[in-house]
Amino acid sequence: MDEFNTNEMNGAGMGTGDIDRYVIPQTEKEAMQPTTSDEGDLVLGTVGAIVGGLLGVGVWMLIFHLGYIAVIGGMAIMAGTIGGYKFLGKEIGTKGLITCIVISAILVYAANYLSWSMEFYLEMQKTLPDFTFGEAFSRLGELTSLPEVHGEYIKDLVLGYVFTVVGAFSVLRKR
């Protein structure tokens, strides 16, 4: 009886045992497949959250300029961060939610500071036409250190955070 020669049968000069080393076991194949995670893409999501949150800062500043601090400003920042995160990061898990909360907290502070800087600039423009926004921005610390102004600034900041938390519950409920 002739021996079975796999080299002659497959025409490639390889035995069937040689093929096994080129075959990836199923578990390794699955490990190499792109997976969709509940977390999404944290880096892209963070970029989206920042961009979306900055749009919310614009809404905040407009409302502030009209003389209000409203829940809608906080909602706009929170909705912008979460919407931006979802847009670029696709999924929002626990890490994404924490990222959005941290970014929102920073942006509320920035929105309040920018809004006050803008109002300071507009007031100074009435008497000093050469006064720039950059000067208002850099000198806001001096203004808010005055006792009669400091309390108002802190009150606006605290209300901003409170309204953002209220707005966050509304946005997160829809999540």
Side-chain angles (χ1 to χ4, degrees), residues 24 26-125 132-144 149-150 152-175:
I24 300 171
Q26 184 66 27
T27 56
E28 289 180 41
K29 275 186 187 177
E30 290 171 356
M32 292 174 59
Q33 294 296 320
T35 58
T36 56
S37 155
D38 288 342
E39 293 296 323
D41 188 326
L42 185 62
V43 174
L44 283 176
T46 300
V47 171
I50 291 168
V51 171
L54 288 173
L55 293 172
V57 168
V59 171
W60 177 294
M61 290 181 68
L62 177 64
I63 293 167
F64 190 92
H65 182 68
L66 296 173
Y68 301 100
I69 297 178
V71 173
I72 192 131
M75 278 179 68
I77 290 175
M78 186 56 83
T81 56
I82 290 174
Y85 190 98
K86 284 181 175 180
F87 183 73
L88 290 182
K90 304 301 178 211
E91 296 289 330
I92 186 165
T94 304
K95 288 179 187 174
L97 188 57
I98 291 168
T99 300
C100 288
I101 290 169
V102 170
I103 289 170
S104 293
I106 292 167
L107 290 177
V108 166
Y109 180 85
N112 192 59
Y113 196 91
L114 286 168
S115 296
W116 271 74
S117 295
M118 182 59 75
E119 294 305 311
F120 181 34
Y121 164 72
L122 294 172
E123 276 301 309
M124 294 303 289
Q125 277 285 297
T132 65
F133 178 76
E135 288 175 297
F137 186 84
S138 65
R139 297 181 69 188
L140 185 64
E142 295 173 40
L143 177 67
T144 58
V149 178
H150 183 75
E152 286 297 312
Y153 178 80
I154 296 299
K155 181 186 85 171
D156 285 354
L157 185 59
V158 168
L159 283 174
Y161 280 119
V162 168
F163 290 154
T164 300
V165 168
V166 171
F169 283 116
S170 174
V171 170
L172 292 174
R173 198 169 1 130
K174 294 176 185 174
R175 181 181 157 232

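Computed from a predicted structure; not experimentally measured.
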Taking side chain as C-beta onward, heavy atoms only, is T164 less than 4.5 Å from W60? yes
A105 and Y161: which non-hydrogen atoms are nearest, and at how many Å? O-OH, 2.9 Å
Spacing of M61 atom CE and L114 atom CG [to the nearest 0.5 Å]: 5.0 Å
In Å, rounded to the nearest 0.5 Å, how long is the span from CD1 of I50 to CG of L55? 12.5 Å
Does the plane of the ring in F133 sit parallel, tilted or perpendicular to the ring in Y121? Use 30° and 60° as the thresholds. perpendicular
Could you give the distance from CD (E135) to CG (L140), rounded to the nearest 0.5 Å? 13.0 Å
Minimum heavy-atom distance T81-M78, with the two atoms named: OG1-O, 2.9 Å
Show your working on side-chain contact (heavy atoms from CB on, under 4.5 Å) between D156 and F64 and close with a plain yes or no. CA-CA 10 Å; D156 285 354; F64 190 92; 3.5 Å; yes
Decide yes or no for V59 and I63: does some side-chain heavy atom of the first lie under 4.5 Å from some side-chain heavy atom of the second? yes
When the aromatic ring centroids of F137 and Y113 are compared, is their separation below 6.0 Å? yes
Approximate separation, where rounding is to 0.5 Å, of F120 CZ and T144 OG1: 9.5 Å
Counting N and O atoms only, with roles assigned by atom type, does the side chain of E152 sit under 3.5 Å from a partner on the main chain of V149, one being a donor and the other an acceptor? no
Step by step, would you call Y153 with N112 a side-chain contact (heavy atoms from CB on, under 4.5 Å)? CA-CA 8 Å; Y153 178 80; N112 192 59; 3.3 Å; yes
With a 4.5 Å cut-off on side-chain heavy atoms, are I77 and F163 touching? no
Please round to the nearest 0.5 Å and tell me the distance separating atom NZ of K95 and atom OG1 of T46. 11.0 Å
About how many Å separate CD1 of I82 and CD1 of I101, when rounded to the nearest 0.5 Å? 7.5 Å
What residues form a side-chain hydrogen bond (donor to acceptor under 3.5 Å, both in side chains) with H65, not counting sequence neighbours? E119
Would you say Q125 has more than 12 foreign heavy atoms packed within less than 6.0 Å of its CD? yes
On a heavy-atom basis, which atom in I103 and which in A49 lie closest, and how many Å separate them? CD1-CB, 3.7 Å
